[in-house]
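For reference, the structure is listed below as structure tokens.
Atoms within a ligand are numbered from 1 in the order they appear, just like the ligands themselves.
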Amino acid sequence: MSKRILSVVGARPQFIKAFPVSNALRRSHDDVLVHTGQHYDAMLSDVFFAELDIPEPAYNLGVGSGTHADQTAQMMIELDDVLDAESPDVMIVYGDTNSTLAGALVAAKRSTTLVHIEAGLRSGNRSMPEEHNRIATDHLADVLLAPTSRAVDTLRSESVPGEIHETGDVMYDAILYVRERANEVSAIREQLDLEPDGYVLATVHRAGNTSNKSRLSSIIRGLASVSVPVVLPIHPRTEAALKENGLWQLACDQLTIIDPVGYLDFVSLLEGATLVATDSGGVQREAFYLDTQCITLRDETEWVETIDCGWNTLVGADSDRIAQALAQNEPNPPKPQLYGDGRAAERVAEVIDSV
Ligand code: UD1
Ligand code: UDP
């Protein structure tokens with residue numbers, strides 16, 4: 001039976017995750033996309049709707065930036081009105097942002113069936129806002145869609161009340177869909193004069209790195225240690241933090257800092273890089289999908305399988321460890337199939353058909 005679904009997104013990685021899922025859902029259901037407005041800069045938001053085959057959101061709640069409480073509360077108030085107007089059968093939330101948590105709380109309080117995509121991930125670091133969002137959402141969800149068997153085990157060990165399904169990672173579907181097109185249409189490597197395998201790509205945006213001057217400074221110094229260009233598409237939060245801490249000039253002198261790029265350009269940059277250094281959750285596994293070795297600028301990761309198989313190295317924010325990891329020249333290890341077969345969105349749709 002066709003269902004009315006409300007899919008809540010708000011931050012860059014959620015637009016990417018929603019695109020294969022929304023495509024699969026629209027074959028049999030009404031999928032009403034709600035953008036909370038958490039990300040609003042054109043290069044963090046509009047660009048993804050223009051590039052990817054997803055409809056413009058039916059609603060943009062325009063919530064914008066604020067404290068965690070402000071942002072989450074404002075989203076809840078606005079989402080409540082959307083639920084009044086739409087009376088959906090199901091609400092879908094993605095990942096671990098404040099948009100995820102706001103959607104989860106509103107759905108739970110209104111007894112709307114709540115589906116959490118990317119359930120069961122844990123870093124074990126209770127100081128991360130994302131960890132609060134994931135734990136709360138998983139315990140509120142009626143249906144938990146986990147990317148891995150490890151995530152399924154985590155959910156079982158926490159005795160979450162909802163039903164659990166393993167689907168694989170919808171980001172793998174997204175990458176497979178755009179990989180070829182990215183290489184055909186993106187001119188970013190030519191524009192930046194980058195040779196294949198002749199540069200390092202970097203992204204930094206986590207609160208734990210940007211709101212700590214010594215970590216941020218150490219990361220920049222570590223990245224600056226290599227002789228090849230280091231391309232850093234900069235998140236606005238990181239740009240602001242570098243400026244506030246007097247590190248902006250150093251970063252501009254040592255690195256190739258560019259505005260955030262669209263998904264096609266990012267995939268092209270990631271595929272062509274020798275290595276990627278990142279604190280992003282999405283980029284760690286996209287690197288794996290695109291055969292690029294990853295260095296993770298955090299003390300722990302939710303995506304431990306990439307570490308276990310040798311495609312990812314945790315280096316924290318220590319400049320020496322970053323420099324050492326960037327200098328590595330090991331052959332690529334074998335690649336197991338870690339996160340599904342690229343058909344996770346179909347599995348999500350099958351589960352939604354049956355709830
Ligand atoms: C958020 C998520 C994080 C996710 C990331 C993806 C939370 C708690 N964090 O982090 O899990 O990995 O998105 O990129 O939900 N800003 C702009 N323009 C924008 C958006 C933000 O300038 O379009 C600036 C504002 O100064 C804002 C800051 O970036 O205060 C942080 O934005 P916010 O959405 O709160 O968190 P992110 O760091 O983007
Ligand atoms: N990304 C992008 N342009 C950029 C940086 C990242 O399109 O300049 C994409 C990247 O391919 C990945 C997603 O954004 O799919 C990751 O988002 P981010 O690192 O902001 O969030 P996280 O995954 O850590 O939640």
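- Asn98 OD1, 3.4 Å is the protein heavy atom nearest to atom 8 (C) of ligand 1.
- Using a 4.0 Å cut-off between a side-chain N of Lys or Arg and a carboxylate O of Asp or Glu, Glu158 and Arg122 qualify as a salt bridge.
- What sits closest to atom 25 (C) of ligand 1 on the protein, heavy atoms only, is Ser65 OG, 3.3 Å.
- Which parts of ligand 1 touch His205 is read off a 4.0 Å heavy-atom cut-off, strictly below it: atoms 4 (C), 5 (C), 6 (C), 12 (O).
- Residue-ligand proximity, Glu130 to ligand 1, at heavy-atom distances under 4.0 Å covers atoms 3 (C), 9 (N), 11 (O).
- There is no side-chain donor-acceptor pair under 3.5 Å between Asp96 and Asn133.
- For Ser280, heavy-atom contacts with ligand 2 shorter than 4.0 Å involve the backbone as well as the side chain.
- Between Met171 and ligand 2, a contact under 3.5 Å exists for no N or O pair.
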Pair Tyr172-Tyr289, ring pair (Phe, Tyr, Trp, His ring centres under 6.0 Å): steps then yes or no
CA-CA 7 Å; Tyr172 187 27; Tyr289 302 142; 4.4 Å; yes
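- Arg298 CZ: more than 12 foreign heavy atoms inside a 6.0 Å radius.
- For atom 2 (C) of ligand 1, the nearest non-hydrogen atom from the set Asn133, Thr203, Thr97, Thr67 comes from Thr97.
- Atom 33 (P) of ligand 1 has Gln38 NE2, 3.9 Å as its closest protein atom, hydrogens excluded (heavy atom only).
- A side-chain N or O of Tyr59 and one of Glu86 form a donor-acceptor pair less than 3.5 Å apart.
- Among protein heavy atoms, atom 17 (C) of ligand 1 sits closest to Tyr40 OH, 3.3 Å.
- The two atoms that bring Ile322 and Ile219 nearest to each other are CD1-CA, 3.8 Å, heavy atoms only.
- Phe48 CE2, 3.3 Å is the protein heavy atom nearest to atom 7 (O) of ligand 2.
- Using modelled atom types and a 3.5 Å distance limit, the side chains of Arg189 and Ser268 yield a donor-acceptor pair.
- Considering all non-hydrogen atoms of both residues, Gly222 and Leu326 come closest at O-CD1, 3.6 Å.
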Between Asp89 and Arg4, does a salt bridge (charged side-chain N to carboxylate O under 4.0 Å, His left out) hold up when you go through it step by step?
CA-CA 5 Å; Asp89 303 302; Arg4 192 155 182 80; over 6 Å; no
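- Contact check on Asp341 versus Arg347 returns a salt bridge, with a Lys/Arg side-chain nitrogen under 4.0 Å from an Asp/Glu carboxylate oxygen.
- Annotation: Asp279 places no N or O atom under 3.5 Å from an N or O atom of ligand 2; distance criterion only.
- Nearest to atom 24 (O) of ligand 2 among the protein's heavy atoms is Gly281 N, 2.9 Å.
- In this structure the side chain of Ile5 never reaches within 4.5 angstrom of the side chain of Met91, judged on heavy atoms.
- Side-chain N/O atoms of Thr203 and Thr278 include a donor and acceptor closer than 3.5 Å.
- The single protein non-hydrogen atom nearest to atom 14 (O) of ligand 1 is His39 CE1, 3.2 Å, given as residue, atom name and distance.
- Looking only at protein heavy atoms, the nearest one to atom 35 (O) of ligand 1 is Gln71 NE2, 3.7 Å.
- Of all protein heavy atoms, the one lying nearest to atom 18 (N) of ligand 1 is Asp41 OD2, 3.0 Å.
- Listed by atom number, the atoms of ligand 2 under 4.0 Å from His205 heavy atoms are 18 (P), 19 (O), 20 (O), 21 (O), 24 (O).
- The single protein non-hydrogen atom nearest to atom 36 (O) of ligand 1 is Arg237 NH1, 3.5 Å, given as residue, atom name and distance.
- Side-chain contact annotation: Thr97 with Thr100, donor-acceptor N/O pair under 3.5 Å present.
- Of all atoms in ligand 1, listed by their number and element, those nearer than 4.0 Å to a heavy atom of Leu44 are 19 (C), 20 (C), 23 (O).
- Every atom of ligand 2 is numbered from 1 in the order shown, and the set under 4.0 Å from a heavy atom of Gly262 is 7 (O).
- The aromatic rings of Phe15 and Phe48 sit tilted, their planes meeting at an angle between 30° and 60°.
- Interface of Ile16 with ligand 2, defined as ligand atoms under 4.0 Å from a residue heavy atom, comprises 9 (C), 13 (C), 14 (O), 15 (O).
- Interface atoms of ligand 2 facing Pro233, defined by a heavy-atom separation under 4.0 Å, are 8 (O).
- Of all atoms in ligand 1, numbered sequentially from 1 with element shown, those under 4.0 Å from a heavy atom of Pro236 are 16 (N), 17 (C), 18 (N), 22 (O).
- Distance from atom 21 (O) of ligand 2 to its nearest protein heavy atom, with residue and atom name: Pro13 CG, 3.4 Å.
- Checked against a 3.5 angstrom limit, the closest N/O atoms of Val261 and ligand 2 fall inside it.
- Residue Tyr263 touches ligand 2 through backbone and side chain together, judged by heavy-atom distances below 4.0 Å.
- Near Glu286, the atoms of ligand 2 lying under 4.0 angstrom from a non-hydrogen atom of the residue are 10 (C), 11 (O), 12 (C), 15 (O).
- Residue Arg206 has at least one nitrogen or oxygen atom sitting less than 3.5 Å from a nitrogen or oxygen atom of ligand 2, judged on distance alone.
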Kindly indicate, with the supporting measurements, whether the criterion side chain to side chain contact (heavy atoms under 4.5 Å, CB included) is fulfilled by Arg156 and Val152.
CA-CA 6 Å; Arg156 296 229 160 93; Val152 169; 3.2 Å; yes
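- Of the heavy atoms in His235, none comes closer than 4.0 Å to ligand 2.
- For atom 23 (O) of ligand 2, the nearest non-hydrogen atom of the protein is Gly282 N, 2.8 Å.
- Asp31 places no side-chain N or O within donor-acceptor distance of the main-chain N or O of Leu25, the cut-off being under 3.5 Å.
- Residue Pro13 touches ligand 1 through its side chain alone, judged by heavy-atom distances below 4.0 Å.
- For Tyr40 and Ser65, the side-chain atoms include at least one donor-acceptor pair closer than 3.5 Å.
- In terms of protein heavy-atom proximity, atom 5 (C) of ligand 2 is nearest to Arg12 NH1, 3.2 Å.
- Of the options Thr137, Leu144, Ile135, a side-chain contact (heavy atoms from CB on, under 4.5 Å) to Val160 is made by Leu144 and by none of the others.
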